[in-house]
Amino acid sequence: MSLIQETDYGTPASRAEKQVTLTVDGKAVTVPEGTSIMRASMQAGIEIPKLCATDMLDSFGSCRVCLVEIEGRNGTPASCTTPVGEGMVVKTKSDRLDAIRKGVMELYVSDHPRGFGEKAGTGASEFDHVISLVGLAENRYGVEGRNHVEAHGGIDGVAPGHGSLTIDYMVKDESNPYFTYDPSQCIVCSRCVRACAEVQGTFALTVEGRGFESRIVASMDENFIDSECVSCGACVQACPTDALREKAILEKGMPDRSVVTTCAYCGVGCNFKAEMKGDEVVRMMPYKAGKANHGHSCVKGRFAYGYASHPDRVLTPMVREKITDPWREATWEEALARAASEFKRIQAKYGRGSIGGITSSRCTDEETYLVQKLVRQGFGNNNVDTCARVCHSPTGYGLNTTLGTSAGTQDFDSVEAADVMLLVGANPTDAHPVFASRMKKRLREGAKIIVIDPRRIDLVRTPHVEAAYHLPIKPGTNVAILTGLAHVVVTEKLYDEAYIRAYCDWDAFEDWAAFVSEPRYSPEETARVCGLDDPELIRKAARLYATGGNGAIYYGLGVTEHSQGSTAVMGLANLAMATGNLGRNGVGVNPLRGQNNVQGSCDMGSFPHEFPGYRHIAIDPVRKIYEDLWGVKLDKEPGLRIPNMLDAAVDGTFKGIYIQGEDILQSDPDTKHVAAGLAAMECVVVHDLFLNETARYAHVFLPGSTFLEKDGTFINAERRINLVRKAIEPRARYADWEATQELARALGLDWNYTHPSEVMDEIAATTPTFAGVSFDLLDREGSVQWPCNEKAPLGTPVMHINGIVRGKGNFVRTEYIATDEKVGLRFPLLLTTGRILSQYNVGAQTRRTGNSAWHEEDRLEIHPHDAEDRGIRDGDWVRLSSRSGETTLRALVSERMAVGVVYTTFHHPSTQANVVTTEFSDWATSCPEYKVTAVQVSPSNGPSEWQLEYEDLSRRTRRMANVEAAE
Amino acid sequence: MSPEKLVYQANQIARFFRSKPHAEGVAGVADHINKFWEPRIRRQFFELIDAGGKGFDELVLEAAPSIHRPAEEVA
Ligand code: SF4
Ligand code: SF4
Ligand code: FES
């Protein structure tokens, strides 16, 4: 394995159709019109030295090392800013060019601390590379600069004060946990400034000062950590010197080998090069060829991988009789035998349906497939479910009913062709940062955005982005607003009749049109229901979406996690169909999936009623495929969903569970109910990286493996099947798929997979939408989007082209039904929940990394008015109570909230925000109603009784036989 | 699950299908429950229906005859 080097062509690719041929140093090269000479040369294999250019950024032309000569032209133009021309003859080497380049580099070097490289830096920066490329051998100006001092006698080259002239010296900024900024090494090429603006869209950096003094500063000359910087690392990646450099690289040195893999955090599914030195990952470098991220990433994927080597990781299996016993370390053999014999005993005693399994959206497709197979083939029932239940199950149901597929319609690149984005219940800058950067880029180019969200999220207003309309609806009124928008589209005849007649069920449309035209869905009525002041806003938003060009819908958990989640998803699909915004680039209905493999775990048959590929278990021919392959009779009755399992456990008919990579106690609603269900079981097997919250109720603990330790695939929100490649050996002997296989064997099943690719082959052989997928194909193509089969051998970036998958698009009436979770005297505020950028889901991973620098605790966001009414000041401890329970946390008084609405995250277990959420759920899929809970907030002076009890229990249930558990 | 919760969830389904033409709505409720409710839950459902079906939405009651009665439990 070697270090993968991606070519830097210096400037972005041109998309022009027209081709132009030129000669560079005697070599003919043909490129699209508009390509820079620099890029064309690189394509011909000729590298022109460069400092201020890199192909992720538009060219800038400030450093002047990239000069070339062009026949018939005077002077030495910069190759990064000069476009190619037909028949052009370019020379990249000559004595004159050499002399100029050396002169430029000599000046740079004279103002650059030498010696840093050998001491602590990399000595392998692009700057160092260019020095050798231009053959710089001397520096006539000396090395004492105005911004640094030369290293000497044990003093670091950047320490001030041994008599030299250092009036421009600035101290290193080490405030960011992951990278340092050393101003003395900055050559002011502004690549970081442009990366922050163009790629990330945060605009945190500027160039300050002139000449020797000029330097990059973050925000208002603040430390990085205190600035607007979101630590995406794009600037570090762009920096050609060691001025911005990963701390891990400074400490451990440059990597020597790498593999391309996929981020295990969110549904964007960024590709990375996992770069290693020896057995240790020292850097995650976004992969430019990654089709979801094109070389960008966020703070989580790039930097927050430290949890993989965190001391809290449990690397040895553990067992215990009762959950009140201390844990005892065991061999894999013993732990697996225990789990298997318990499952058998329980089934013999309580019946076949008394056990089940939960798959994880954090694990690979292959692992998920194996867990559902274990349940269906081995347990002989369909009691398998996934944590996707608690986030995006309504997406599958809603889109399947209307369009005929349970997935988003577009690829991410499609946003580049969108004219109007309709963003509903999603906060991409925090939850899907890399995609948010793409959105912002498109918005800066002039596209418009309509935001429907109770909170004033960043995309409502952020540098160079201003939403056309923000509809701050009351939590729980999505269906009303969507039907209200449809009302305007229909009554003002803004719908696309030709599209509907061609591709949709016309009768269904007429029925739906009549329904949404009813006066109770008028903007005035809708505004009243949704708590909006101005009904005109609804009209304007509807008109913009329907007539503003390509309209693209993006939505998130704010849509799905409601008692009418599935209905709202259908409402979105209705709008897209009615306006003809489907089946081409730039449009569509796109769920922004939460976890990395939510899509995959749904695709892989994790739900209790369907096989992989969303085929119901009652369909005989489908069941037969698996019966023949697996050699068993399969149950045709739907199995239990997670909440049903817990109910059944409390009722005494469900006694054992295998939970892979999921912390239902922390992530599922109504914590007390979950706890009661788990406590009622006789064998809980938890398979995870850490002793998670659920493990308090476990009898067997199997150590999990991180994404760095296994092969497999993840499927992102665009249906993209991305390869996960093993970077290091599993730290606890087995990758998760192997552990599941061992458990299956212990139960007597004859499984003999030697590699996850064989699992994928089985999936492809049995699932029509995956028929063409294999690891070989993925290896060749990088990734493909399902459906991938005979009709689409390289996958399907955009769905529903020339016809909706279902046959005819189905319009569904979306009656708004107010949730039963209502505010009243006792609980006058609405609580809604969410996540923030630096933390991920229940935080098990991110809390164990430097990301805690940004989010030490969950806070309750509350509007100043509501806070004042209650005598609450910013930072005070407050009690948050609902009819389910109460917890305490600290308040964050914020204007982002509407009056009457409070907000919190659920990243930290001690907060126990889900003690407060209720058991209400989506009518169709049981997806919990996380986004609406009636609560009261009052001043408090400490943790709630439940929190204390919980802490105590936690201490008791985490004990180890000999050693105390690390926590 | 508690009888109240079961009745509540059935009625929640009915509320969605209420906006459909009547016959389609009845069929929709039955189909939904057949597809997604595990036999144990349907068994409990029928216990409640057989005991008079108190609290259930009209649509649920009308759908009940088309909902599959689960087979006896097999160990
Ligand atoms: S890390 Fe990202 S947000 Fe922060 S300054 Fe660099 S590019 Fe900007
Ligand atoms: S968390 Fe999401 S956006 Fe960030 S690097 Fe990973 S996949 Fe990309
Ligand atoms: S790389 Fe062309 S001017 Fe800097």
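Order of the sequence lines sets the chain letters (A, B, ...), proteins ahead of strands, with each chain counted from 1. This is a predicted model, so every value here is computed, not measured.
For a residue to count as touching a neighbouring chain, one of its non-hydrogen atoms must lie under 4.5 Å from one of that chain's; by this rule A:Phe654 touches chain B with backbone and side chain alike. Neither the backbone nor the side chain of B:Asn11 has a heavy atom closer than 4.5 Å to any heavy atom of chain A. Neither the backbone nor the side chain of A:Asp511 comes within contact range of chain B; no heavy atoms are under 4.5 Å apart.
For the pair B:Lys20/A:Val812, a side-chain contact is recorded, criterion being any heavy-atom separation below 4.5 Å from C-beta on. Here the side chains of B:Lys5 and A:Asp647 are in contact, with some heavy-atom distance below 4.5 Å.
Side-chain atoms of A:Arg813 never come within 3.5 Å of backbone atoms of B:Arg18 as a donor-acceptor pair (strictly under, hydrogens ignored).
Between chain B and the residues A:Glu637, A:Lys349, A:Glu815, the most heavy-atom pairs under 4.5 angstrom are made by A:Glu637.
With rounding to the nearest 0.5 angstrom, the OG1 atom of A:Thr653 is 4.0 Å from the CZ atom of B:Arg40. The CD1 atom of B:Ile41 sits 8.0 Å away from atom CZ of A:Arg641, with the distance rounded to the nearest 0.5 Å.
Of all the heavy atoms in B:Glu38 and A:Pro638, the pair that sits closest is CG-O, 3.1 Å.
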Could you walk me through whether A:Phe607 and B:Phe36 satisfy the side chain to side chain contact (heavy atoms under 4.5 Å, CB included) test, starting with their C-alpha distance in whole Å, then the side-chain angles of each, then the deciding distance to 0.1 Å, before giving a yes or no? CA-CA 10 Å; A:Phe607 289 129; B:Phe36 299 106; over 6 Å; no
Assess whether side chain to side chain contact (heavy atoms under 4.5 Å, CB included) is satisfied between A:Leu640 and B:Trp37, documenting all intermediate values. CA-CA 7 Å; A:Leu640 295 168; B:Trp37 282 25; over 6 Å; no
